[in-house]
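Report on the following structure.
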Amino acid sequence: MIVWRDFARRMVEVVRMNGVRDGEVLRVLGEVPRHLFIPSLRGPCEAGDQGALRTAYGDHPLPIGFGQTISQPTMVGRMTELLSPEPPVRVLEVGSGCGYQCAVLARMGCSVVGVERIRDLADWSREVLGGLGMEVSIIHGDGRALGGDLGPFDGIVVSAGCSREDAEGIFGAFGGDGCRMVAPVNVGGGLQRVLVLEMEGGEVRESWQDLCRFVPLLGGVEG
Ligand code: SAH
């Protein structure tokens, strides 16, 4: 009996009620052991602590140390649904943190490269993803200042609140024809809105989606 799956199943119901509709995304959210990505909850959850499991599978962001958070499952589901990757595709995540969004994309069948500016988090995510047998490549670096030879990618997820210029810069550096990018863009008043950019036959189409809240995209690296 794998007890975390019961908590994950309930979490998926909440994510569904919060508006994520894509069946494949919901299925994958129920299959990724979120508790393993949260340093302070991993041990207690593995020991079967029900309170820790309830917290780990709540539909909220949670602190993971280094002043950062693991994203809210509904937000991870929504970003993945908006990206709607059709595997096999290459996806870049800028701001991969503990690796949870990378794991969801990998479980969907994508080939994933994550970029994280905090070295300890990059190391942690590599360990967790490796332990799950997921071949995700994590780069310690600043997503705004990487060499362009990494790309082009079919999909890009930015997981930190950024300016429109940042979003367009990342799309220009790593997106190719047919690429879709989802990014939380600062829209003033402390709010962000998910911007979807798509390149089709050399033309860029854009649409604005949900309001959201991510930690900010910062310059430089730590560690
Ligand atoms: N994707 C994570 C949540 C990450 S929170 C999840 O699935 O839970 C956003 C992350 O972006 C933080 O870890 C932060 O350190 C990182 N970040 C911020 N600015 C960055 C930059 N310029 N390049 C790379 N990572 C960045």
Side-chain angles (χ1 to χ4, degrees), residues 11-30 32 34 58-61 68-87 89-97 100-110 112-115 143-144 151-218:
M11 181 194 86
V12 168
E13 280 318 305
V14 176
V15 171
R16 189 200 307 274
M17 284 189 306
N18 284 338
V20 174
R21 290 280 173 267
D22 188 300
E24 178 67 0
V25 172
L26 292 167
R27 186 183 68 72
V28 165
L29 281 173
V32 174
R34 188 175 190 242
D59 189 32
H60 38 229
Q68 304 302 327
T69 52
I70 184 171
S71 295
Q72 180 189 7
T74 288
M75 213 51 233
V76 171
R78 192 66 188 127
M79 297 297 268
T80 310
E81 179 173 76
L82 287 170
L83 191 71
S84 59
E86 281 171 30
V89 293
R90 283 190 84 216
V91 178
L92 172 73
E93 186 192 12
V94 174
S96 49
Y100 181 56
Q101 171 78 72
C102 284
V104 169
L105 290 164
R107 195 41 74 78
M108 303 239 350
C110 302
V112 187
V113 177
V115 184
R144 292 189 293 199
F153 290 88
D154 307 300
I156 303 170
V157 180
V158 180
S159 293
C162 64
S163 66
R164 185 176 174 121
E165 293 69 42
D166 285 333
E168 284 174 352
I170 292 168
F171 192 62
F174 301 111
D177 201 44
C179 177
R180 181 180 298 169
M181 179 175 89
V182 295
V185 169
N186 301 325
V187 289
L191 290 176
Q192 299 155 3
R193 191 178 280 280
V194 179
L195 173 64
V196 181
L197 293 179
E198 227 168 332
M199 174 101 75
E200 209 69 75
E203 302 235 322
V204 178
R205 277 188 304 185
E206 69 173 58
S207 71
W208 290 93
Q209 305 287 334
D210 318 39
L211 286 171
C212 56
R213 184 164 301 184
F214 283 81
V215 298
L217 190 80
L218 301 173

Report the C-alpha distance between L105 and L83 in whole Å, list the side-chain angles of each, state the deciding distance to 0.1 Å, and finish with yes or no for side-chain contact (heavy atoms from CB on, under 4.5 Å). CA-CA 10 Å; L105 290 164; L83 191 71; 4.0 Å; yes
Out of the candidates M79, M181, R144, only one should pair with V158 under the side chain to side chain contact (heavy atoms under 4.5 Å, CB included) rule; please name it. M181
With sequence neighbours excluded, residues passing salt bridge (Lys or Arg N to Asp or Glu O under 4.0 Å) with R107: E31
Check salt bridge (Lys or Arg N to Asp or Glu O under 4.0 Å) between R193 and all other residues, then give those that pass, not counting sequence neighbours. none
Looking at every heavy atom in both N186 and G161, which two are closest together, and how far apart are they? OD1-C, 4.0 Å
State, with a plain yes or no, whether a side-chain heavy atom of M75 is found less than 4.5 Å away from one of C212. yes
Between Q209 and S207, is there a side-chain heavy-atom distance shorter than 4.5 Å? yes
Would a 4.5 Å heavy-atom cut-off, applied to side chains only, mark V194 and W208 as touching? no
Assess whether atom CD of E206 is packed by more than 12 heavy atoms of other residues, nucleotides or ligands within 6.0 Å. yes
I'd like to know if R205 pairs up with E200 as an ion pair, taking the criterion as any Lys NZ or Arg NE/NH1/NH2 lying under 4.0 Å from an Asp or Glu carboxylate oxygen. yes
Can you list the residues that meet the ring pair (Phe, Tyr, Trp, His ring centres under 6.0 Å) rule with Y100, with sequence neighbours excluded? F37
Using the test salt bridge (Lys or Arg N to Asp or Glu O under 4.0 Å), find all partners of R213 that sit at least two apart in sequence or belong to another chain. none
Please enumerate all residues that pass salt bridge (Lys or Arg N to Asp or Glu O under 4.0 Å) together with R180, with sequence neighbours excluded. E198
Nearest heavy-atom neighbours spanning R34 and S71: NH2-O, 2.8 Å
So, using side chain to side chain donor-acceptor pair (under 3.5 Å) as the criterion, who are the partners of D210 when residues are at least two apart? R78
Do Q192 side-chain atoms and P184 backbone N/O form a donor-acceptor pair below 3.5 Å? no
Using the side chain to side chain contact (heavy atoms under 4.5 Å, CB included) rule, pick out the option among V115, V94, I156 that qualifies with F174. I156
